[in-house]
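These values consider heavy atoms only, across backbone and side chains, with no hydrogens, waters or symmetry-generated copies. Numbers here simply count residues along the sequence, with the first being 1.
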Amino acid sequence: MSDGERMNFCLSDLVPPLRWSDAARITALADRPGLPDAWWRTLPLHRVLAVLDAEALGDLLTELAVDHWPAAAVGDVLPALHVLDPDDADDPQVAIALDRAGSWPGLLALSGRELADQPFIRARPVLTALFSAVFLRMSPEGARQVSAPISVPIPAPISVPISVPVEDSPDEQAAEEEDPDIPELIDAAFGDLDDQTWMVAQNRVFAGEPSDPEQLARLLAVPPDAIHDLDAALRDRLSRWLALPEAKPYNEHLAWLTDTFGVAVPEQRFVAAAEWHERELRSLELPAWRFVLATLPGYRLSGDWIVAGDIEELRERTRSLIASAERPPTVPQALEMIGSLGVRPDVARQWLESVPQLRAQKASQVDPDRQPGGQQGGLKDVALTRRCFRQPDGRWWLRVDVSGDHLHGGEVPLPSGFAAYVHLAPGEDRTVRSAAGEVGLSWHARPVLGSLQRILGEVSAEEGSHIFLTLSEEGMLRVRHLPAANGGDQTSRALRLVGYTAPSGTTEQAARVIAARVGLTAPAGRPELLARLRERGDRDLLTLLG
């Protein structure tokens, strides 16, 4: 029996970007003969593989990765690749890509776009071979061919381990249970609400901004006390349901969310934590994540964040913690410090950037490595560092405008904010891997990256073109090349300087893209964007947008 037969999971359980995307609008998924509508999130994988074989499914996922998620790392598109034996992806194109990347983790850290930018690598055949190898191991045919199991990491909480034994004993088969459909549990418990209670549920108990009881009372033509009574009765019913045995899977999910996200999580990440969070509950006609949030003890939505307790109290504790440090901390040190508040490492940087007045505090501190036009802060905040931009993969990338000196082997100066982001400390020398060999990093008189001459030659860089640099979690130098813009309006040129190459759309849309890439997390107006660019010293962008 294969993985797909042991577990009742679907393609979107294995491919996180399918949860983040409006998959219903991806034409490549629709109208697949033999597959129903929304098959990628409703049909168990073993039934999909009975219609689309492993290679066909690998081809399809390659198309999605290249056309819809070009900035996503290969290992983020299909996390099961991290536990695949590289020997199972025995393909000449994969061998070339692996040699260029230097390691299996390094290969999986590359995005589809970065693979396409690498010399001598054909991205689509590489991706197809990688994805097909995973699906083959999970298909009935693959299960008969292998003896070692492959554990498949699935982002949603799974209570039963996934493995690929060749066959199960009858007792094991009888003991297997499908994961419960939690939205169905909720609908079964609350599908009989009367109209008035349903209105209270919609507008008060599960609402983002609860309606005033008097206003709701006028709408329903009842006394305000009746609204209070209905509200209290519904909350009591909710508490009693949570105490029932049949609610155990749901309570386990709440516990998993609390353990995973700590005291603060961006709303978008909370919504994407499980595929069914975005499904609409038929009984209440609201997204399931709203129900989840209302039943998560102590948590509330404040702006773009879901926080345990009061968000302003947590922000004040953050400011006090940073201010009380004996010496102004670097960003990595600050990220470690706020872990003591219960902020998880994977959202710590976002949390720091969201705290008002912390930025002003940074600007008042002394940084001997002040950048012209940049911030002067002990935190060396990469969000305030000129030419640094946060890309869709969540990492900050430094734009280097290629000069003749770079082409002839000269060092690449690094802003101190970016140097701190990649964990380079003053006085340190170290070597990092790249697709074109090893490159030196050092910080003595100033932080610098060693010669990129070989890399620039391989991507056919010219004076005036741009490269974007970052370090992966594994410490590998990742490089993306953009040729110099030839013509185009000022908005398109500004977008190109932040690494965005899609059609520019309207001026307002372009401003939102640039605002996100310079670290403005809330919806930002044009004055706020221009102020941020002045604070960072991005004079080229100011000229194009001004």
Side-chain angles (χ1 to χ4, degrees), residues 12 19 22-24 37-38 41-42 156-157 178-258 261 265-311:
S12 65
R19 301 180 181 186
D22 186 358
D37 293 341
R41 60 179 174 84
T42 59
E178 293 186 356
D179 290 334
D181 188 323
I182 292 181
E184 285 190 5
L185 291 178
I186 299 170
D187 285 332
F190 297 93
D192 61 346
L193 299 183
D194 61 72
D195 290 346
Q196 289 187 350
T197 304
W198 185 87
M199 286 287 286
V200 169
Q202 276 268 314
N203 294 280
R204 285 191 56 77
V205 177
F206 303 113
E209 297 182 6
S211 299
D212 181 77
E214 285 72 20
Q215 182 183 21
L216 193 55
R218 287 193 297 270
L219 181 64
L220 295 177
V222 298
D225 286 348
I227 300 300
H228 288 290
D229 291 344
L230 289 168
D231 188 303
L234 181 55
R235 294 181 191 275
D236 180 65
R237 176 173 173 172
L238 191 58
S239 297
R240 285 187 281 110
W241 177 73
L242 289 170
L244 294 175
E246 51 261 39
K248 181 181 177 182
Y250 181 78
N251 286 313
E252 289 175 347
H253 182 66
L254 294 184
W256 176 82
L257 288 173
T258 303
F261 291 133
V265 59
E267 176 189 353
Q268 188 175 13
R269 292 194 63 172
F270 183 87
V271 173
E275 178 274 330
W276 57 267
H277 274 195
E278 297 186 74
R279 286 166 55 183
E280 182 174 284
L281 298 173
R282 296 189 305 273
S283 56
L284 300 169
E285 295 186 19
L286 51 82
W289 73 268
R290 280 282 180 191
F291 183 96
V292 174
L293 178 57
T295 56
L296 201 59
Y299 285 78
R300 66 182 80 170
L301 177 62
S302 300
D304 295 330
W305 285 83
I306 291 173
V307 175
D310 182 76
I311 190 170

K.L.:
Between R300 and G309, which heavy-atom pair has the shortest distance, and what is it?
P.N.:
NE-O, 3.4 Å
K.L.:
Output the distance between atom NE2 (H253) and atom OG1 (T295), rounded to the nearest 0.5 Å.
P.N.:
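Result: 9.0 Å between the selected atoms.
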K.L.:
For the pair N251 (side chain) and L242 (backbone), establish whether a donor and an acceptor sit closer than 3.5 Å, ignoring hydrogens and angles.
P.N.:
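Such a contact is found between N251 side chain and L242 backbone.
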K.L.:
Using the side-chain contact (heavy atoms from CB on, under 4.5 Å) definition, which of the options V265, V292, I306 pairs with L257?
P.N.:
V292
K.L.:
For the CG atom of L230 and the CG atom of L193, what is their distance to the nearest 0.5 Å?
P.N.:
10.5 Å
K.L.:
Rounded to the nearest 0.5 Å, how far does CG of D192 lie from CG of D187?
P.N.:
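CG of D192 is found 11.5 Å from CG of D187.
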K.L.:
Walk me through whether Y299 and F261 qualify under ring-ring contact (aromatic ring centres under 6.0 Å, His included).
P.N.:
CA-CA 11 Å; Y299 285 78; F261 291 133; 9.0 Å; no
K.L.:
What is the minimum heavy-atom distance between A207 and R290, and which atoms define it?
P.N.:
C-NH1, 4.1 Å
K.L.:
Taking all heavy atoms of F206 and all of A294, pick out the closest pair and write down the distance.
P.N.:
CD2-CB, 3.4 Å
K.L.:
Heavy atoms only: give me the nearest E267-G303 pair and the separation to one decimal.
P.N.:
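Looking at all heavy atoms of both residues, the shortest contact is OE1-O, 3.8 Å.
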K.L.:
Take a 6.0 Å sphere around CD of Q268 and say whether it holds more than 12 heavy atoms from other residues, nucleotides or ligands.
P.N.:
no
K.L.:
Which value, rounded to the nearest 0.5 Å, describes the distance between R204 atom CZ and D212 atom CG?
P.N.:
7.5 Å
K.L.:
Give the ring-plane orientation class for W276 versus Y250, where under 30° counts as parallel, over 60° as perpendicular and anything between as tilted.
P.N.:
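Rings of W276 and Y250: tilted, 30 to 60°.
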K.L.:
Minimum heavy-atom separation for V200 and D231, please, with both atom names.
P.N.:
CG1-CA, 3.8 Å
K.L.:
Hey, could you give me the OG1/CG distance between T197 and L284, rounded to the nearest 0.5 Å?
P.N.:
11.0 Å
K.L.:
Would you say R237's side chain and A189's backbone share a donor-acceptor pair under 3.5 angstrom?
P.N.:
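Checked: pair present.
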K.L.:
Ignoring hydrogens and angles, tell me if any N or O in the side chain of W241 forms a donor-acceptor pair with the backbone of E246 under 3.5 Å.
P.N.:
no
K.L.:
Do you know the tightest heavy-atom contact between L234 and A201?
P.N.:
CD2-CB, 3.5 Å
K.L.:
Working to the nearest 0.5 Å, report the span between CG of L296 and CG of L254.
P.N.:
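It is 5.5 Å, given to the nearest 0.5 Å.
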K.L.:
Relative to each other, are the rings of H277 and F270 parallel, tilted or perpendicular (30° and 60° limits)?
P.N.:
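Tilted, since the angle between the ring planes falls between 30° and 60°.
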K.L.:
Would you check if the side chain of Q202 reaches a backbone N or O of E285 as a donor-acceptor pair within less than 3.5 Å?
P.N.:
yes
